[in-house]
There are 2 protein chains.
Amino acid sequence: MVAPIVRVAPNAAMRATSLLRAVQYTHPPSCPCHSNPGYHQAQPSSLLSHIKDRHSHSRWPYATPVAAEQKEYAFEMAASSIRFGPGVTKEVGMDFKNLGATRVCVVTDPTIDKLDAMRQVREGLTREGISFEVFTNVKIEPKDHSIKEAIEWVRPYRPDAFLAVGGGSVMDTAKLMNLYNAYPDADFLDFVNAPLGKGRPIDKPLLPLIAVPTTAGTGSETTGTAIFDLVSKRAKTGVAHRNLKPTLGICDPINTRTMPAAVKASSGLDVLCHSLESYTAIPYTERTPRPTNPINRPAYQGANPISDVFSLHALRQTVKYLPRAVRDPDDFEAQSEMLLASTLAGVGFGNAGVHLCHGMSYPISGQNPGYKHAGYEVPHPLIPHGVSVAVSAPAVFRFTAPSNPDRHLAAAEAFGVDISNVKRESAGEVLGEALARFLADLGDQPAGLRDLGFAAGDVDALVEGTIPQHRVIKLAPGLETTELEREREQLRMLFEDAMAH
Amino acid sequence: MVAPIVRVAPNAAMRATSLLRAVQYTHPPSCPCHSNPGYHQAQPSSLLSHIKDRHSHSRWPYATPVAAEQKEYAFEMAASSIRFGPGVTKEVGMDFKNLGATRVCVVTDPTIDKLDAMRQVREGLTREGISFEVFTNVKIEPKDHSIKEAIEWVRPYRPDAFLAVGGGSVMDTAKLMNLYNAYPDADFLDFVNAPLGKGRPIDKPLLPLIAVPTTAGTGSETTGTAIFDLVSKRAKTGVAHRNLKPTLGICDPINTRTMPAAVKASSGLDVLCHSLESYTAIPYTERTPRPTNPINRPAYQGANPISDVFSLHALRQTVKYLPRAVRDPDDFEAQSEMLLASTLAGVGFGNAGVHLCHGMSYPISGQNPGYKHAGYEVPHPLIPHGVSVAVSAPAVFRFTAPSNPDRHLAAAEAFGVDISNVKRESAGEVLGEALARFLADLGDQPAGLRDLGFAAGDVDALVEGTIPQHRVIKLAPGLETTELEREREQLRMLFEDAMAH
């Protein structure tokens, strides 16, 4: 705690400081390093890799900055507070009392509404004398119109806090209710991610939102992201901003026990892909444009040294515990670890982003040729989110591996592969194989798009459905999103490769 | 994102759920497991270790809960948002504008006030038209009266936000100014940690506080802790509550470049001990009492699965980068990594706690027999905080290792020790040796208390100075804090062992 007793810095340090400041402000587009397509060969997101690798010219040609072409130089880490423990749901009434809340809008879906988690919530709120109303009408995989209904429902209630109890659909709906309740005059598209919406930043704090997840998958309890189907554009999109994140995520492993094995598996595959995609996303120093105001720095900012720690840890835990959690409904330890992994992966991807598995999953789910996943008791065809995400994973990481072989090897190692004699050129093959084997061992998973009923003739439509997922696929290393035709061609190849593992 | 389609849970799962709920509510003191002194032999803070190891009795004797004797069952993770990047200090004006702030109380010390960080701050605030006043009078290692002066200074200004620019002393002073400014009628001891103060929880949000660290050591930019000397009690104490944590920590590695090598070393040793102590602190499931209201769950809650990730990562990075940062003033990568490690260790210990190195360091610094650390240009004797913390580390971890050999071996491995053939009984010796070697290699470090001028006759006073550091030493595994005489004896042994590595 002794503060620095500062002496005059040595000359070399002074010069370096000036150089660094110069780099911050003057990053001219004419710098030849910027056109080097092999940049991704470097370890992404090692601190200062950008500056160190490319800008330690001994004499820097100071030029006028051109903001639009500057790459990012900073990252920001924000996450909800997380409380974790078996039985901790019962504390939620006290939390709202501590927050000074008196009128709580509780958001859930009709299924969760009948479960023990909601009983704990009702008892907890009642015990503390907090008045509340329950919106039970959240739709699974919500569409813009179901979100709008929920928003209309909440406005006249005038709550002073929100509580979401459920999976990703519930938490995301609650986030959007909280957002549009705070901006009564906003147009629905104002805050929706560009280019589908206007991507307006959330420039004021929202009401407190506590999220109680009942699945171990989305990690939405820690993120500032809310996803829905924008029906008119046939696209999954959403709102993403740090101010959207819950105040507190209450992770109670007792609440995830009732998931059937199939739901445990597909939620867990979502965690797997959150961690893998965020760990392999482009480094934050490669993202453009550099924001001119920190409020515009996106949450999906690319891999960075903090998200890396979360993502790799969550990946390892998922590989270790997901098979156990799926196999044995009594393995409470594995289920608890999966809830924690889901939350930690949420912190990781919530501050780095996801890319191709998620980007491609939206048309896969949306253009379902009629597949109905085993273990889901629904009357209509359904490709669960986690399944639609993981089905393309072997192909995706074969594609992204050349951009950063070391990271893909580290991921393969997390699957238990001995990588000591694997060549860097084989990183994609090795990780793809490890993933395919993991999916096969988990059981009941499609071994590619063909198993879902897709055929070669569907590829073009899948490609066209992926292109609007700009927010996520722009973080895919190796994908040439600046040239539409080239991007189409790459995506076509990816979907073809994903037909069978 | 598919929410669970819930089926009736299998019977075994149902029974397990009931059992778990029962455990939550009924944790009778008569359970024979609770008197097992060998509990610490288990891996601490593996999820549910408490329940799994001790409470999976097939027939649980349901009894009336006795709240006072219940151990903790949950943990909570909270951290400031962190923004990291070289040059990012210049964004701070926009941050305050985005927050809607108009009158900012800037807190710094006379030395930092002359540095580039403060120039960036003044320019940034001015550019955005935000009015501010600068309190430049923070004292290094502040005492209660210097804190009170700072509080008196700020009250008439009526700021709507705070900005701290400096090391731990500055950030901690700013936190306390923010706290007591929000509670004008509070007595100074109200919020101070019990037993010295009343340990009142902070039950409302404070004004936004942005912290810009200029040392890579305290991690105070992410924690809800503020430390000062309580002169009348001759003790270091402080206030610790999640609501005290900054809104945002702005970590700009350019601001830590001017630290002299000696300051880099001692700040870095603080990081080393933050990570080692939090990683080896008692597991949260061993802490008593279980809080009856979540607002009373301390930030220093014991090791937990999230703090572990931060602490071990920060330890590895410190071992890797601190020697480089100290050796070479131009090694900007190493210095940047140390700033990041400092922040990540802050998240770790800020949510787990520290223990003996810190508890013992307060009397070591306070009872300095006249040692003046090389490289600190001050006119009076000074044992820098990091030095006073690290000097006892080899002895401390020899003492704590039997409580959890696996963790101590993992820590030794982080120092590069090949632990594959090390017996668990030797964990303490091996880690102690690794630490002693690390300190010796770093250079200019005392090889024990004797090098600071302490002699055998000083031990009793050092012990008496440690005992009031209850908040931290109660997290030391193996220390018998419930029996004062036994605790004294153990501490005496520890100080004697710390005389020479």
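Everything numeric here is computed off the predicted structure, so don't read it as measured data. Protein chains get the first letters and strands the later ones, always in sequence-line order, with residue 1 at the start of each.
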List for me each residue that meets side chain to side chain contact (heavy atoms under 4.5 Å, CB included) alongside B:Pro294, sequence neighbours excluded, and say none if there are none.
A:Arg83, A:Glu91, A:Met94, A:Asp95, A:Asn98, B:Arg297

Measure the CE-CG distance between A:Met77 and B:Leu344 for me, rounded to the nearest 0.5 Å.
9.0 Å

Okay, B:Ile250 and chain A: the region with an atom under 4.5 Å from a heavy atom over there is neither

Taking every heavy-atom pair that is under 4.5 Å apart, which of B:Thr256, B:Leu248, B:Ile306 has the most such pairs with chain A?
B:Ile306

Separation between NE2 (B:His313) and CG (A:Leu312), nearest 0.5 Å, reads 10.0 Å

Proximal component of B:Ile295, with respect to chain A [non-hydrogen, under 4.5 Å]
both

Evaluate the side-chain proximity of B:Val88 to A:Tyr73: yes if any heavy-atom separation is below 4.5 Å, no if none is.
yes

Can you find a heavy atom in the side chain of A:Phe310 that is under 4.5 Å from one in the side chain of B:Val309?
no

On a heavy-atom basis, which atom in A:Ser81 and which in B:Ala78 lie closest, and how many Å separate them?
OG-CB, 3.3 Å

Can you list everything that forms a salt bridge (charged side-chain N to carboxylate O under 4.0 Å, His left out) with B:Arg316? Sequence neighbours excluded, please.
none

Chain B contact via A:Asp203 - side chain, backbone, both or neither, heavy atoms under 4.5 Å
backbone

Using a cut-off of under 4.5 Å for heavy-atom pairs, which of B:Glu76, B:Lys97, B:Met171 has the most such pairs with chain A?
B:Glu76

Between CZ on residue A:Phe84 and CG on residue B:Asn304, distance to nearest 0.5 Å
10.5 Å

